[in-house]
Amino acid sequence: MPVTPGLRFAGYAALFDRVDRAGDAFARGAFAGAGPVPLLWQHRGNPVGVIEAIEEDARGLRVAGRVDDPALAALMRAGALGGLSVGYRAVAARQGVWRTIARAVLAEVSVVAQPMQPGARLHIL
């Protein structure tokens with residue numbers, strides 16, 4: 001039986017200096033040195049694919065990956081899912097009008113239906 005390659009995507013899992021729906025904003029450098037993390041669906045369960053590249057740029061935390069779950073890939077192809085989100089632990093933050101996360105330990109990246117940061121979107125490659 002031939003192996004079907006997963007659905008490849010790229011996008012921003014977090015954007016810098018933009019307040020999310022929870023009142024948090026990530027500062028540039030918050031995810032500096034982030035290593036490999038799992039790709040989850042809605043921050044739960046077993047991995048649904050692989051994060052192949054992860055790096056900060058001037059805009060935010062950019063990721064590229066592959067979704068191997070056929071049902072999830074079908075929803076993404078249909079345009080029903082287009083959000084990305086991060087699971088993290090803040091290790092340095094400043095509280096003001098909103099909380100600015102200066103440093104975070106990245107635990108996972110998730111494909112989500114409704115991202116906390118509205119601009120955290122993916123596109124299919």
Side-chain angles (χ1 to χ4, degrees):
M1 176 181 286
V3 175
T4 304
L7 179 66
R8 294 184 41 88
F9 71 92
Y12 285 91
L15 299 175
F16 297 139
D17 303 319
R18 297 206 186 159
V19 179
D20 67 18
R21 293 180 176 130
D24 290 341
F26 292 105
R28 284 175 175 76
F31 299 105
V37 294
L39 177 65
L40 303 181
W41 160 238
Q42 297 282 90
H43 301 290
R44 295 186 185 101
N46 293 322
V48 295
V50 176
I51 296 293
E52 297 170 334
I54 187 166
E55 67 179 349
E56 285 192 355
D57 66 15
R59 186 170 182 221
L61 183 65
R62 182 154 173 80
V63 300
R66 183 186 76 238
V67 170
D68 296 324
D69 180 278
L72 188 57
L75 288 169
M76 291 167 68
R77 276 190 198 94
L81 297 174
L84 289 170
S85 186
V86 292
Y88 66 94
R89 180 174 50 87
V91 293
R94 296 180 302 274
Q95 187 65 51
V97 175
W98 55 79
R99 183 172 77 148
T100 299
I101 310 296
R103 186 84 177 113
V105 175
L106 187 63
E108 51 90 4
V109 172
S110 282
V111 175
V112 296
Q114 195 65 251
M116 189 65 74
Q117 171 49 254
R121 310 304 294 179
L122 65 83
H123 62 272
I124 296 171
L125 299 176

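The structure presented is a predicted model; accordingly, all values stated were derived computationally and were not measured.
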field: Shortest non-hydrogen contact between Arg99 and Ala90, atoms and distance
entry: NH1-CB, 4.1 Å
- prompt: Can you tell me how far the CG atom of Leu81 sits from the CG atom of Leu72, to the nearest 0.5 Å?
  reply: 6.0 Å
query: If you look at every heavy atom in Ala13 and Val109, which pair is closest and at what distance?
result: CB-CG1, 4.0 Å
Hphob cluster co-occupancy, Val50 + Val111, side-chain heavy atoms under 4.5 angstrom: no
field: Residue pair Phe9 / Leu39, side-chain heavy-atom distance below 4.5 Å
entry: yes
- prompt: Heavy atoms, side chains only, cut-off 4.5 Å: are Leu106 and Ile54 in contact?
  reply: yes
task: Return the orientation label for the Phe26 and Phe31 ring planes: parallel under 30°, perpendicular over 60°, tilted otherwise.
output: tilted
message: Tell me whether the count of non-hydrogen atoms from other residues, nucleotides or ligands lying under 6.0 Å of CG in Asn46 goes above 12.
response: no
message: Are Asp57 and Tyr12 packed together at the side-chain level, in the sense that at least one heavy-atom pair is separated by less than 4.5 angstrom?
response: yes
- request: For the residue pair Met76 and Leu122, establish whether any side-chain heavy-atom pair is separated by less than 4.5 Å.
  value: yes
- line: Looking only at heavy atoms, the pair that brings Ser85 and His43 closest together is OG-NE2, 2.9 Å
- prompt: So, Glu108 side chain and Pro38 main chain: donor-acceptor pair closer than 3.5 Å or not?
  reply: no
Side-chain heavy atoms of His123 within contact of Leu125, under 4.5 Å: yes
- line: In this structure, CG of Asp20 is separated from CD1 of Ile101 (nearest 0.5 Å) by 8.5 Å
message: How close do Gln42 and Val112 get, counting heavy atoms only, and between which atoms?
response: OE1-CA, 2.9 Å
message: Can you tell me if Arg21 has over 12 outside heavy atoms packed within less than 6.0 Å of its CZ?
response: yes
- prompt: Do any pairs count as a salt bridge (charged side-chain N to carboxylate O under 4.0 Å, His left out) and have a residue in residues 25-35, sequence neighbours left out, and if so which ones?
  reply: Asp17-Arg28
Candidate pair Tyr88 and Leu61, rule side-chain contact (heavy atoms from CB on, under 4.5 Å), full reasoning: CA-CA 12 Å; Tyr88 66 94; Leu61 183 65; over 6 Å; no
field: Hydrophobic cluster membership, Leu75 vs Val48, 4.5 Å side-chain cutoff
entry: yes
message: Which heavy atom of Gly45 sits nearest to which heavy atom of Leu40, and what is that distance?
response: O-CD2, 3.5 Å
- prompt: Can you tell me how far CG of Leu15 sits from CZ of Arg62, rounded to the nearest 0.5 angstrom?
  reply: 11.0 Å
- prompt: Quick one: does Gln117's side chain have a donor or acceptor within less than 3.5 Å of a partner on Ala14's backbone?
  reply: no
task: Considering non-hydrogen atoms only, spot the tightest contact between Pro115 and Ala113 and give its length.
output: CD-O, 4.0 Å
- request: Look up atom CE in Met116 and atom CG in Leu84, then write down how far apart they are to the nearest 0.5 Å.
  value: 14.0 Å
